[in-house]
Amino acid sequence: MKITNLSLLLILLIAVVVSCTSSLETGDFDSESEIALVKGTAAEISEAYSDSLFTHPFTINDLSRQSKDLHIEVTYSGGEGGCPPHLFVVNWDEVIYEDQAGGPLVKLGVAHYLPTVDNCEALVEEKLEIDLAELLDDELKNNLNFIVTNLSDSTQTILSP
């Protein structure tokens, strides 16, 4: 009985120490991917998240838009059952640029983080649904062009209306 109480106390102490050293709350991650929408530069995102989460590589396979939603199809290594939850962060620098034809262009960055190292090896394909009305506010228009940058490898994917 004393060993069980001592073990529980040790586990509780480790949990407190680990949670106090993290600058980002990871306890409210679901088992599926979470998406955080952030306004600011890619450098600001990296500074905010890299101290407490691990950067994880991923691939952007496709972009599509349906009304107020931007769909980003991604692939990453991961899995189910015991694998850590994933966090995708989408940032917008709050600037509407002009494309080569003079149309409105929005540049978004996507980063992928984990609360711990992920040793799961399954290849996961997922469609991230980004609420453009929430991210872009009053700047949301039907004729927007998008350049989405994968912040883990700097590749860019373009979507025109």
Side-chain angles (χ1 to χ4, degrees), residues 14-97 99-100 104-137 139-140 144-161:
I14 290 171
V16 168
V17 169
V18 169
S19 67
C20 289
T21 58
S22 175
S23 62
L24 181 71
E25 293 287 327
T26 58
D28 56 4
F29 275 59
D30 289 336
S31 59
E32 298 177 8
S33 298
E34 295 281 334
I35 302 171
L37 304 178
V38 179
K39 293 180 183 178
T41 66
E44 291 170 332
I45 287 178
S46 178
E47 183 178 319
Y49 289 95
S50 64
D51 288 345
S52 58
L53 297 174
F54 296 89
T55 302
H56 195 68
F58 71 105
T59 302
I60 296 175
N61 302 319
D62 193 32
L63 296 177
S64 62
R65 181 173 175 190
Q66 292 181 338
S67 185
K68 296 180 180 181
D69 290 330
L70 178 66
H71 297 258
I72 305 173
E73 292 181 23
V74 298
T75 302
Y76 57 89
S77 64
E80 297 178 6
C83 300
H86 294 251
L87 171 67
F88 284 90
V89 179
V90 178
N91 83 293
W92 175 47
D93 62 5
E94 299 186 83
V95 177
I96 302 290
Y97 297 91
D99 68 4
Q100 293 177 347
L105 174 68
V106 173
K107 296 180 182 181
L108 302 177
V110 180
H112 181 205
Y113 297 104
L114 299 170
T116 184
V117 174
D118 185 356
N119 293 321
C120 298
E121 296 180 4
L123 209 55
V124 177
E125 292 182 358
E126 184 174 353
K127 184 184 287 186
L128 307 176
E129 293 187 18
I130 310 306
D131 182 348
L132 292 172
E134 182 180 340
L135 183 63
L136 302 177
D137 298 322
E139 299 298 330
L140 181 60
L144 291 175
N145 297 286
F146 290 89
I147 294 180
V148 178
T149 301
N150 178 332
L151 297 177
S152 71
D153 65 9
S154 299
T155 59
Q156 294 184 329
T157 306
I158 299 170
L159 176 66
S160 298

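FYI, side chains are in, hydrogens and waters are out, and symmetry mates aren't considered; it's all heavy atoms of this structure.
Geometrically, Lys107 engages Tyr97 in a cation-pi contact defined by less than 6.0 Å to the ring centre and at most 45° from the axis.
For Asp137, the side-chain hydrogen bond (donor to acceptor under 3.5 Å, both in side chains) partners two or more places apart in sequence, or in a different chain, are Lys39. For the side-chain hydrogen bond (donor to acceptor under 3.5 Å, both in side chains) test, no residue two or more places apart in sequence or in another chain qualifies with Asp62.
Using a 4.5 Å heavy-atom cutoff, the side chains of His71 and Gln66 are in contact.
Between Glu34 atom CD and Leu87 atom CG the span is 7.5 Å, to the nearest 0.5 Å. Taking CG of Leu63 as the reference point, atom CZ of Phe146 lies at 9.0 Å (rounded to 0.5 Å). From Asp131, atom CG reaches atom CG of Leu135 across 8.5 Å, with rounding to the nearest 0.5 Å. Note that NE2 of His112 is 10.5 Å distant from OG1 of Thr59, once rounded to the nearest 0.5 Å. Here the CD atom belonging to Glu139 is positioned 12.5 Å from the CG atom belonging to Leu132, to the nearest 0.5 angstrom. How far CD1 of Ile130 is from CG of Asp69: 8.5 Å, rounded to the nearest 0.5 Å.
Heavy atoms only, all atoms of each residue included: Pro57 and Ser152 are closest at CA-OG, 4.0 Å. Nearest heavy-atom pair, Val124 versus Gly78, reported as atom, atom and distance to 0.1 Å: CG2-C, 3.9 Å. In terms of heavy atoms, Ser64 sits closest to Leu70 at O-CD1, 3.4 Å. Shown here for Trp92 and Ile96, the closest heavy-atom pair between the two residues is CZ2-CD1, 3.9 Å.
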Derivation of the side-chain contact (heavy atoms from CB on, under 4.5 Å) call for Val74 and Glu125: CA-CA 6 Å; Val74 298; Glu125 292 182 358; over 6 Å; no
Derivation of the side-chain hydrogen bond (donor to acceptor under 3.5 Å, both in side chains) call for Asn61 and Thr75: CA-CA 7 Å; Asn61 302 319; Thr75 302; 2.5 Å; yes
Leu144 and Leu105: CA distance, side-chain angles, deciding distance, side-chain contact (heavy atoms from CB on, under 4.5 Å) verdict: CA-CA 6 Å; Leu144 291 175; Leu105 174 68; over 6 Å; no
Intermediate values then yes/no, side-chain contact (heavy atoms from CB on, under 4.5 Å), Val89 and Val110: CA-CA 6 Å; Val89 179; Val110 180; over 6 Å; no
In a table with atom names and distances, give each donor-acceptor pair under 3.5 Å that connects a side chain of residues 154-161 to protein atoms at least two apart or in another chain.
unit_1 : atom_1 : unit_2 : atom_2 : d
Thr155 : OG1    : Asp153 : OD1    : 2.8
Gln156 : NE2    : Thr149 : OG1    : 3.2
Ser160 : OG     : Asn145 : OD1    : 3.4

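A donor-acceptor pair is defined here as one N or O able to donate and one able to accept, closer than 3.5 Å; no such pair exists between the side chain of Asn91 and the backbone of Val38.
Between Tyr113 and Phe88, the ring center distance fails the sub-6.0 Å criterion.
His56 and Tyr76 have perpendicular rings, their planes meeting at more than 60° on a 0 to 90° scale where under 30° would count as parallel.
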